[in-house]
Enquirer: 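What follows is a structure written as structure tokens; I'll ask about it next.
Keep in mind that what you see is a predicted model, and the values were worked out from it rather than measured.
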Amino acid sequence: MTRVVVLPHEKLCPEGAVVEAEPGESICEALLRNDVEIEHACEMSCACTTCHVIVREGYDSLEEPDELEDDYLDKAWGLEPDSRLSCQAIVADEDLVVEIPRYTINMVSEQH
């Protein structure tokens, strides 16, 4: 199992979180399975930017983003060089530290 450390996020996990991820699953899947309710408006189909995360540690263990992911990342709020769409970032065997940005460009949140 790979550890994914989630830095504190005001609404989703104020204390931060440490979750176990199966190699081969996406960061988004691992977070959702462990009750970190990250937005994923397109149901993890790489058609939005609501699951954008910044990989603070372990970025090099992830496969390179494909062209479609890069195109969507260009639209993400708070884009940084180590940004990924968590639905497309597949966990390998290296632990990760991720930050969920404070905002998304989603005008209507699925969270109520």
Enquirer: Ignoring hydrogens and angles, tell me if any N or O in the side chain of Ser83 forms a donor-acceptor pair with the backbone of Ile54 under 3.5 Å.
Expert: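 Side chain of Ser83 to backbone of Ile54, a donor-acceptor pair under 3.5 Å: no, none is there.
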
Enquirer: Checking Glu63 now: which residues fulfil salt bridge (Lys or Arg N to Asp or Glu O under 4.0 Å) with it, not counting sequence neighbours?
Expert: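 For Glu63, no residue satisfies salt bridge (Lys or Arg N to Asp or Glu O under 4.0 Å) once neighbours in sequence are set aside.
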
Enquirer: State which residues pass side-chain contact (heavy atoms from CB on, under 4.5 Å) with Asp70; sequence neighbours excluded, sorted by chain then number.
Expert: Pro65, Leu73

Enquirer: Pair Glu39, Ile100 - check side chain to side chain contact (heavy atoms under 4.5 Å, CB included), show working.
Expert: CA-CA 10 Å; Glu39 284 193 61; Ile100 302 170; over 6 Å; no

Enquirer: Which pair of heavy atoms, one from Cys51 and one from Ser86, lies closest together, and at what distance?
Expert: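 The answer is O-OG, 2.9 Å.
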
Enquirer: Quick check for you: to the nearest 0.5 Å, what is the distance between Gln88 atom CD and Asp66 atom CG?
Expert: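 So the CD of Gln88 and the CG of Asp66 are separated by 6.5 Å.
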
Enquirer: Is there any ring-ring contact (aromatic ring centres under 6.0 Å, His included) pair reaching into residues 11-35, and which pairs are they, with sequence neighbours excluded?
Expert: none

Enquirer: Minimum heavy-atom separation for Leu32 and Met44, please, with both atom names.
Expert: CD1-CE, 4.1 Å

Enquirer: Of all residues at least two apart in sequence or in a different chain, which pass the side-chain hydrogen bond (donor to acceptor under 3.5 Å, both in side chains) check with Glu57?
Expert: none

Enquirer: Going by side chain to side chain donor-acceptor pair (under 3.5 Å), name the pairs with one or both residues in residues 5-17, residues two or more places apart or in two chains.
Expert: Glu10-Arg102

Enquirer: How long is the gap from CD on Glu37 to NE2 on His40, to the nearest 0.5 Å?
Expert: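 Answer rounded to 0.5 Å: 7.5 Å.
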
Enquirer: Within the supplied structure, the quantity of interest is the number of heavy atoms (other residues, nucleotides, ligands) at a distance under 6.0 Å from Asp74 CG; does it exceed 12?
Expert: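 Yes, enclosed.
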
Enquirer: With side chains defined as the heavy atoms from C-beta onward, is the minimum distance between Cys42 and Thr50 less than 4.5 Å?
Expert: no

Enquirer: Does Asp71 have any salt bridge (Lys or Arg N to Asp or Glu O under 4.0 Å) partners at least two apart in sequence or in another chain, and if so, which?
Expert: none

Enquirer: Mind checking what makes salt bridge (Lys or Arg N to Asp or Glu O under 4.0 Å) contact with Arg3, not counting sequence neighbours?
Expert: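 Result, salt bridge (Lys or Arg N to Asp or Glu O under 4.0 Å) vs Arg3: Asp95.
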
Enquirer: Looking only at heavy atoms, which two atoms of Leu96 and Gly58 are closest? And how far apart?
Expert: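 Of all heavy-atom pairs spanning Leu96 and Gly58, the closest is CD2-O, 3.3 Å.
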
Enquirer: Please round to the nearest 0.5 Å and tell me the distance separating atom CD of Glu43 and atom SG of Cys48.
Expert: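 Taking CD in Glu43 and SG in Cys48, the distance rounds to 9.0 Å.
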
Enquirer: Kindly indicate whether the side chain of Pro14, heavy atoms from C-beta on, has any atom under 4.5 Å from the side chain of Pro8.
Expert: no

Enquirer: Which residue pairs pass the side chain to side chain donor-acceptor pair (under 3.5 Å) test when at least one of the two sits in residues 21-33, sequence neighbours left out?
Expert: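 For residues 21-33, and leaving out neighbouring residues, the side chain to side chain donor-acceptor pair (under 3.5 Å) pairs sorted by first residue read Glu25-Arg33, Ser26-Glu29.
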
Enquirer: By the ring-ring contact (aromatic ring centres under 6.0 Å, His included) test, which pairs, at least two apart or in different chains, include something from residues 12-38?
Expert: none

Enquirer: Out of the candidates Leu31, Val6, Val98, only one should pair with Ile38 under the side-chain contact (heavy atoms from CB on, under 4.5 Å) rule; please name it.
Expert: Leu31

Enquirer: Look at the side-chain heavy atoms of Ile, Leu, Val, Met, Phe, Trp and Tyr, link any pair under 4.5 Å apart, and say whether Leu85 and Leu79 land in one connected group.
Expert: yes

Enquirer: Could you name each residue pair satisfying ring-ring contact (aromatic ring centres under 6.0 Å, His included) that touches residues 52-87, not counting sequence neighbours?
Expert: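 Qualifying pairs, neighbours excluded: Trp77-Tyr103.
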
Enquirer: Kindly state each residue pair satisfying salt bridge (charged side-chain N to carboxylate O under 4.0 Å, His left out) with at least one member in residues 82-92, sequence neighbours excluded.
Expert: Glu69-Arg84

Enquirer: Please report the C-alpha distance between Ile90 and Leu62 in whole Å, then the side-chain angles of each, then the deciding distance to 0.1 Å, and finally whether the side chain to side chain contact (heavy atoms under 4.5 Å, CB included) criterion is met.
Expert: CA-CA 6 Å; Ile90 304 301; Leu62 303 171; 5.9 Å; no

Enquirer: Would you call Glu99 and Val53 a side-chain contact if the rule is heavy atoms closer than 4.5 Å?
Expert: no

Enquirer: Which heavy atom of Val4 sits nearest to which heavy atom of Ala21, and what is that distance?
Expert: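 Nearest pair, atom of Val4 first, then Ala21: CG2-CB, 3.9 Å.
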
Enquirer: With clusters built from Ile, Leu, Val, Met, Phe, Trp and Tyr whose side-chain heavy atoms come within less than 4.5 Å, directly or transitively, what are the remaining members of the cluster of Val18, listed by chain and number?
Expert: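 Reading the cluster by chain and number, Val18 sits alongside Val5, Leu7, Val97.
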
